[in-house]
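Just so it is clear, the structure is predicted and the values come from calculations on it, not from any experiment.
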Amino acid sequence: MLRRPKPTESEADLLREQQELLAAGGQSTVAVVKRPDKRRGDAAAAEAHEQGNQRDVVTIEDLPDELPTLTPAPPKKSRFKQERVHFEDEDPEERLDRHDTHISAVLSRIIERDTSAVPVSLPCITGTAFPKVLHRSVMETLRGRKSIFARQIAAQRAKKEDVQSLNGSESRDQSSASRHVGFLPLVNMETEQPESDVMDRVGGPVLLTGQGLGIANSAMETMKIHEENQAKLQVMSQSEILEEQRKLLAQLDPRLVEFVRSRKAQRTPGSESASGPVTSPELDHSIKAQESQRDTMEDDEEDENQLVVQLPIKPQKEWLHMDKVEPEKLEWTRDLPAPRKQSTKKAMQARFDFAGTLIPPTKDLPTHLGLHHHGEEPELAGYSLQELFLLSRSQLNQQRNLAISTLANVLAKAHAGEYISSLKGSVLSSLLDAGLLFLLRFSLDDSVEGVMSAAVHALRALLVSSDDEECLDNAFPWVLGMATFPLLPTAQEDEDDEGLDETMKETAKEKEEKKIDHDVARQDVVKGFLKMQGLPRLRYILEVVRPSPRVVLDILEVLIRIARHSTAAATQILACPRLMNTVISEFLPCSWAPATSRALSSLYGLPVALAMKLLRVLASAGRHACARILNSLGGKELLSRFVVVEPSEMLLEAGEALRCSTEALRLFAVAASYGQACNLYTDLYPVLVKRLQAGNRLCASSEAVLFLELDRIKALLVLLTWVTQTAGCHEELQRDLVSAQGTECPPPPPVVWSHVMGLQPTVISSLKGCVRALDGPAQMSSALILLPSYLLYIEAYYSQLCVQVGIYKKEIRLKASVTPSLLKQAYFKNRLLMSSSMICNPGLSAAGGEVVPSLPSLGCSRLKTSSTMAGPNSPLSLPTALLYLLNTITSIHKGLIKKFSHLILSDSVLSYLRSCIGAMPSVSHMSAWILHHEHHLLYLLLRLAHKLVTATSVPVDPEAAKHAALFHQVSLALVSWLLPGSEYLAHELMSVMTFSHSLLPEGVHGETEVAALAELQLKDRTSPAVGALLCDALQYLPSIRGCYLTHLAHLESSVLSSRDRYLGRTPFVSSYLLPELTGPSLPSDWPFLPLISLYERMGLSAGGEQQVESLPAGSVQSVTHCLQWLLVLESLREQVLTVVPPVAKLARLAFVFLCSSDLFLERPVQELTWALFRGLTRPAQLEALDLGSPPPGLASFHDLYSALLAQYEAVSFGDPLFGCFMLLPLQRRYSVTMRLAVFGEHVGMLRSLGVSLQQLPIPLEKFTCPMEDSLPLLRLYFRALVTGALKRNWCPVLYVVAVAHLNPFIFSQNEVAEVNYLCNKTSVILVLKNHLLLFRLPQENSELGFSTYEQLPPIRARRLESIVGTEVKGGER
């Protein structure tokens, strides 16, 4: 039996085993199977078998059946194998014998080679003994970089072509020896010779090259043509040659002839030289080619040596494969060139270092920093955003980690605004558009923990702003400080739903489900992250991966930012499986071991303050979320654990322990603001009172710890304030429960008034201590921080004390009268700083960093550096709390209002109020959260001022009554500023102050008579004076107030929700996330609200249709009250309506004519509209009226004017007021399209547009100057005059306008054909001739409206005669 060879056996052993096998005659283990050849058929195969052919033949099955007669080998890449053709039936032995190069074969077939056709090249003369060796580094400069093999092939091809061309022309060279020197043509075989050079050497044609003949031997054919031309020239005489030359020159293009001559001059410069030694041009060319090749090789060798010398390493011959140095492949080892200073102003690509710092392009950094590992611009340090994205997809973990970490640093600096002054565009926008969110989401799924941690850090840098969170924490103890706006992007209207019926429009949920992840992320980054299942991945990282402390903190901050996005986002966090259970069990344990070292390696099993803050933010999203946290997630046990234990006993670092305790108290306060967890208050009452009593005995080791202690005391006071508010609602809810009789009613809270009565003495004692501390500079800062919280608790106590049963009013007054004595020393006079006001300084709300619409933020980084408004010592907190308390006290004890007049009438307060008039604060997420609190301050200040101005009907303080108009103007402005969530404040202002007689002293002091005297200047004496209308309007102020409150009834639910938050009705509060920020609660043009509402109710918002239905009941009265209030504002409070553009005022007034067919004919409506229209046509207002800009809510003013034209033709009855509205847009400075609409499409209305020149409140020159330049409109003017559609007695104003524009056009020097046309038509109408030709100047006081010439001036007569061709005398022909 055969055995396999062993590895240790040698070749001799294998040969010996082979001989033994052959000697034994053993059978081979491999069977050779000869299959029949399918291409030759079975018969041929059998025949071959019978012949006994024992040679093995390898056959291929897939070849065709028929054998071709001559089958060349398949094409190969080698050009040498392509030249050999083999046959299938050829014997391999014969082929081997034919190609055998054995010495015997060579000697047996000696054949002399024919060298007669081989050109001989003389060796070049060099200074060395041997020719230059071709090196690998030799590169052809003309052909670019080629390998040695490619250059050898090219040289071989060129040599073959040169030989063919020379052999073909050899015989001709010998026959034309008389024209050339008798040397044989010598060609250097190592250089390429183009055919044109060969033709030059042998005396061929100068112009023809033979390139376009398309044959193999084009040079021979060209030479043949050349010889035929020479033969013809030889038989022609000199005169015949000159004649043919003249004919050719006459037929050919001169530029072509010039080109031929220049070409010939360039080709034959040396052949005409007769001096010097006679040499062969072929030999000279060969010598020059060799010399140039030698020079090139020497230059290349020098360049190679220089490159090798410049390399940082010197290749050694002993190194593998370094015997032939290729410098171009070693260029990467050379030092980078120094970055050059860019003199261009073109934008350059931004590059960042690993810390996210922008690197200037001219900065030279060392390479060991690792900032040069990129392909593009290798000499510049740093990485571009594209290169960072590329590295983030690398297969190397370190590169992915480094790229994502660098992107995180770039994001952090972009949020801080460090790139705004250096880069064009927004880095955040560029990154998000490039798919940064998707990159981070994919990186979160990475299996490498380092990459995953870097992705979490980058996600935190993208979403979270530490400054925003710090400012919101500082505002928590303010009035309604826990109420915040959701960080939702501004909603974008879907254009696809425009024009569809309400039933056909898709709901927001249906639209959201149809959107893909990219579209959602482009509009809302947080919503896009939630749609990409980001929360389950974060839960997996916390639960399974258990990352380092920094990653845990980053995840908690990301969850807090997502919870602030909206109520829906907070609900998704709570609904994510095991997410909140993991957070609470791992980072809010009820028992834990003390940390063994200061630098913690893991946060698992230890309390984390951010986890408690996450619960607090989630609870603020809604009362149901808060109840879920308290009951389902064990929130009550957590509160008991962290509220009871002192921070010093928590076995944590001092700062972290204080933060945990503070966040627990804040969570408790949020729960109490919903009326929840109040039973814990009764259980923990001794602990809370003990903490309250210890509030004045602070001892901190550092300033940072002191601020944390102060935050903890403020959180405790906020908790007690909301518990007091909840206890005050117990009696009301108990009564409602008894009288409900089965209807749904919230249950009374478990805390009653008696549970909180004992807190008031302790708080009063602490308040006295704070007031005394104001005198000491050491404790003043801490006292000012705590004082607002104490004042807010006192306010809550007194406000709820009034509604308790069994409490006598006299006792309340006595208790309240003690408080003002404590406030006399309060440090409040200089707290209202106009420099810190967001209303007076809208620039403070400008973004300090980059902000993208899809990721809104509060922008507190700039606010912290430019203002103290958002800090712990904010000038808002103390004045707001003080005014809040004073309003409550003065409501209880009205006699105390006189004691606070010095506060309201101080110079600082009055200056602040004056600066608010005319201010236009911008509303955005960056300004809204601070404006929300400043609006509270302004509202409380105005309420207190209103109480100071009037108690019943007699002013309490005459000095305060002088500033009543100031208070009224600020209250009107505040109504338009109030944001969503403050609807209750707007309702209170409109109910108490906006329509108050006491704040409109002009109606009492005689300003209406002054307005009546101003009305005497009006031209139309028939309409009543403005003074009389104004007096009537002031008498109807209560009715006007009722009208506006009725039209604001659609805001009732928002008003009630806002009232519950503001008044502390805790069982009825649904959420402390305010409504979505879409702008102010009321539009800036709210005084026009009744008119707009009626217009929309009548179904004319689309415009243009004629209304035939009757008006709803009370519509005339509602419109009358609206116009009366507008007249009051325009006459006495003009500054208030400056925020409404004049074009918007005109459009809103036009609704009077579009609402009904006869509403404008009602006498009070028409009188008031006349007064308002004259106010709009005053010179200053008229100049500001821009009809080119679309009014708010309308596509364009032209659409509204088209609807007015149709309505005027239908129902105007020639009304002058309606006519003036139609004439106002026809002024010369407005668009010609409206004038074309009148004289083209609605020319019939000219018969009823009978507004006289005296009734028109607009100067006539506004219509006549400058001259009309629209030829179509001039034709329409003329057609209306000729056809009689426009007559002076029908439409005086437009008649004057038409004549005033046509007259200068007729006598102008331009448009002669058009003037001829008009003059020929004019000759047939006498009246038009008298007016149109004799027109001089517009004149409003004349009977015609213009002055005329007695006879046509001579210059005009000659002009008219030159046009018409007939003599004109005295204006007649």
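- Once rounded to the nearest 0.5 Å, the distance linking CD1 of Ile225 with CE of Met223 reads 11.0 Å.
- Here CD1 of Ile359 is found 5.0 Å from CG of Leu371. Values are rounded to the nearest 0.5 Å.
- Partners of Leu1276 according to the side chain to side chain contact (heavy atoms under 4.5 Å, CB included) rule, which considers only residues two or more places apart in sequence or in another chain, are Leu1236, Phe1239, Arg1279.
- Atom CG of residue Leu385 and atom OG of residue Ser392 lie 11.0 Å apart, to the nearest 0.5 angstrom.
- For Asp1269, the side chain to side chain donor-acceptor pair (under 3.5 Å) partners at least two apart in sequence or on another chain are Arg1228.
- In terms of the side chain to side chain donor-acceptor pair (under 3.5 Å) criterion, residue partners of Ser1196 (sequence neighbours excluded) are, by chain and number, Asp1199.
- A salt bridge (charged side-chain N to carboxylate O under 4.0 Å, His left out) with Glu1268 is found for one member of Arg1235, Arg1275, Arg1229 and no other, namely Arg1235.
- With sequence neighbours left out, Ser239 forms a side chain to side chain donor-acceptor pair (under 3.5 Å) with Ser237.
- The two residues Ser426 and Glu850 make their nearest non-hydrogen contact at OG-OE1, 3.0 Å.
- Atoms OG1 and CD, on Thr406 and Glu387 in that order, are 11.5 Å from each other to the nearest 0.5 Å.
- Contact annotation: the side chain of Leu1271 approaches that of Leu1274 to within less than 4.5 Å [non-hydrogen atoms, C-beta and beyond].
- Within the structure, the salt bridge (Lys or Arg N to Asp or Glu O under 4.0 Å) test picks out the following pairs touching residues 235-244 (sequence neighbours left out): Glu243-Arg246.
- For the side chain to side chain contact (heavy atoms under 4.5 Å, CB included) test, residues two or more places apart in sequence or in another chain that qualify with Leu391 are Tyr383, Gln399, Ala403.
- Closest approach of Asp353 to Thr357, counting heavy atoms only: OD1-N, 2.7 Å.
- Between Leu388 atom CG and Arg351 atom CZ the span is 9.5 Å, to the nearest 0.5 Å.
- By the side chain to side chain contact (heavy atoms under 4.5 Å, CB included) test, Gln234 pairs with no residue at all, sequence neighbours left out.
- In this structure Thr1233 satisfies the side chain to side chain donor-acceptor pair (under 3.5 Å) test together with Ser1231, sequence neighbours excluded.
- Here the CG-CG distance, from Asp433 to Leu428, works out to 10.5 Å after rounding to the nearest 0.5 Å.
- In this structure Phe352 satisfies the ring pair (Phe, Tyr, Trp, His ring centres under 6.0 Å) test together with Tyr419, sequence neighbours excluded.
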